[in-house]
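For reference, the structure is listed below as structure tokens.
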Amino acid sequence: MKFVQGSTRLPRIHMIPVLFQNTKRKDQKMKNMVLLVLLTLVACGESPSDEGSPGTSIRQVPRNRTLIMDCAETNTCAGQIQDYNSFNPYLPGTTSRTGYNFAYEPLYFYNAFKGEMIPWIATGHEFNEDFTEVVIDIRPGVTWSDGVAWTADDLVFTVNMLRENAPELTYSTDMENWVESAVAVDSLTARIVLTAPNPRFVFSYFTSNFGIGVPIVPRHVWQGKDPNTFTNFDMQKGWPVFTGPYQMVLSTPRQRIWDLRQGWWAAEAGFQEMPKVERIIYLTYLEEAKRVQNLITDHMDTSLDLRPPNIRTVLESNPRVTTWTGREPPYGYVDFWPISLGFNNQEEPFSDIDVRRAINYAINRDQLVEVGWQGAGTSTLLPFPDYPALRPYFSEVEDLLQKHEVGVFDLAKSAALMEGKGWRRPGEGYWMKDGQVCKIIIDIFSIFQDITPVLVAQLEQAGFDADFRMTSDAYSRMAQGEARAFINGHGGSVRDPYFTLRLYHSRFVQPTNTPAEYFWRWSNEDYDRIVDQMAEVAPGDPELVRLYRHAMEIWLEELPSIPLLQWYHRIPHNETYWTNWPSAENPYINSAYWHRVWLLVLLNLQPTQG
């Protein structure tokens, strides 16, 4: 209870063309075009001091001490960085991950590849015997960027602020659900009393783990502000205030720039060395073709994960670029974000279990991998990442997967289910009922543009009027429930199945046209009850396996979403200027710069020059 520091035949499918074919002629043509269409970057010509706040002066930093990437989200950064003049990390779907993910340091980091908890602002924590109370010990000497001491009051303030503003803020529903009270015992000790036993509380919310982790903010800045409207941005006042080793020096619609700052508490205390990266530049979201161009010409150091043919093009065109698996397939690692075909389960026809199951029978996952990903990936029948700690749970439900035929591709069974619910298909046309066609419009992010046409073709073959929509407002459409069908991932479990199963709890369900933190919009009282029981059982307890199986019996029978693929982060690592990127041989953390663990990469990168 105590943690302390130290421890069948495939139908013909017409695909959209890939961005680049790996032929010498087209490769050379692309290289020539780079000179004409390459974006102007700060590091190669634009003067950042031209766009700062009045009186702003930004020092010159050489390219070989600068790290450049684009913003990872279309909803906040397509065309311009929409939140360039705000820095509130709690507003779902409106805050770009261009700094807060590494500026606010956590109590702990977690490395899923090693199963390792890394104490950071906390030195340890201890639960009482029934896991209804936890005492957290804070590391001495931690300070905010304005010099004010980081204390237990900041942690307590953050917890209470979130639970008092549920469900509007990110993580607020969780804090309202789990926290009875939070108090500072002294400046370096916080006590949190829970509403029910929860042995995962610290790990689930205050440990930065892939994209998960509650940002802890300074009480002396946020107190008295309305967190639903507070922008937390005034560079003349030194806002935002945070703990990390970088200071925001420029934020415009075109770019956000962070420079290394002196006085970082971790270096002052001898806990960490200062990073070698002196400047970080975030550009607006780039289309994948432009990412490829910038990586080939060394104008970017990393980017959002690329589609298989495009990561191959980068590797073949620039010998200095590598990946998690070097220059060999699958060119990346399995992320904690397995993807599903999701639905607004409150709206017809997707509120009908049999329609969802009919759609499942129409999906050929092997074809999604072979055609959509050119074989570079794996499918999944469960909403969990394929991690060693979770594999024992997979074997516990193999019989349930067979019973509910989640992985069966069978158009006859799909048709039988539709006919059983009164749908009729004239000839080779679309399913119809009461004069209405069964239409499936799938909202997607651009990262799914390779597999979605394959999925659409499969659904069309099964009689569904399918298509997809890829727009910059995809996130808000999913959150509002306007997207009746969509593809999205599960930012959930890495150690045991609870955290993913929790995403389907009805406490997160909101009516259509009301924003929801999680998009699945499915409710089942029996499922809720079982998941609530799972939350109270410690990882490793045999009771957890029994409850997990009961929950999955309900989930697999009703299929609130249809698991499709394990998600791979095929992230390019450009070693022209920076080396010691994370890799399968050196898995000190994952390399997604939009995740909450990005600081660990910044601390490990080493310059290749000088």
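Count residues from 1 along the sequence.
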Residue pair His573 / Thr302, side-chain donor-acceptor N/O under 3.5 Å: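 Short answer, no.
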Asn580 versus Gln606, side-chain donor and acceptor atoms under 3.5 Å: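 On atom types as modelled, these side chains do not qualify, holding no pair under 3.5 Å.
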Set of residues satisfying side-chain hydrogen bond (donor to acceptor under 3.5 Å, both in side chains) with respect to Trp581, sequence neighbours excluded: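 Checked Trp581 against side-chain hydrogen bond (donor to acceptor under 3.5 Å, both in side chains); zero matches.
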Report the distance from atom [atom1] of [X] to atom [atom2] of [Y], rounding to the nearest 0.5 Å.
X: Leu501; Y: His490; atom1: CG; atom2: NE2; answer: 9.5 Å
X: Thr243; Y: Tyr104; atom1: OG1; atom2: OH; answer: 9.0 Å
X: Leu304; Y: Met69; atom1: CG; atom2: CE; answer: 11.5 Å
X: Tyr282; Y: Arg97; atom1: OH; atom2: CZ; answer: 10.0 Å

Parallel, tilted or perpendicular: rings of Phe445 and Phe448 (30°, 60°):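 Tilted.
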Phe203 six-ring centre to Arg495 NZ/CZ under 6.0 Å and within 45° of normal: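 Yes, Arg495 lies over the aromatic ring of Phe203.
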What do you reckon, are the aromatic ring centroids of [X] and [Y] less than 6.0 Å apart?
X: His595; Y: Trp337; value: no
X: Trp264; Y: Tyr246; value: no
X: Trp324; Y: Tyr333; value: yes
X: Trp258; Y: Phe87; value: yes

Taking side chain to side chain contact (heavy atoms under 4.5 Å, CB included) as the definition, give me every residue that meets it alongside [X], ordered by chain and number, with sequence neighbours left out.
X: Ser446; value: Thr74, Tyr285, Gln449, Met470
X: Thr576; value: Asp298, Arg320, Asn574
X: Asp153; value: Thr151, Ala184, Arg219

Any donor-acceptor N/O pair, Arg596 side chain to Gly213 backbone, under 3.5 Å: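 At least one qualifying donor-acceptor pair exists.
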Atom CD of Glu273: over 12 foreign heavy atoms under 6.0 Å: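 It does not: Glu273 CD has 12 such atoms or fewer within range.
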Residue pairs, two or more places apart or on separate chains, that pass side-chain hydrogen bond (donor to acceptor under 3.5 Å, both in side chains) and touch residues 79-95: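 Every pair satisfying side-chain hydrogen bond (donor to acceptor under 3.5 Å, both in side chains) with a residue in residues 79-95: Asp83-Ser96.
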Residue pairs passing the side-chain hydrogen bond (donor to acceptor under 3.5 Å, both in side chains) test where at least one lies in residues 382-393, sequence neighbours excluded: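 Of all non-adjacent pairs touching residues 382-393, those that pass side-chain hydrogen bond (donor to acceptor under 3.5 Å, both in side chains) are Asp386-Arg391.
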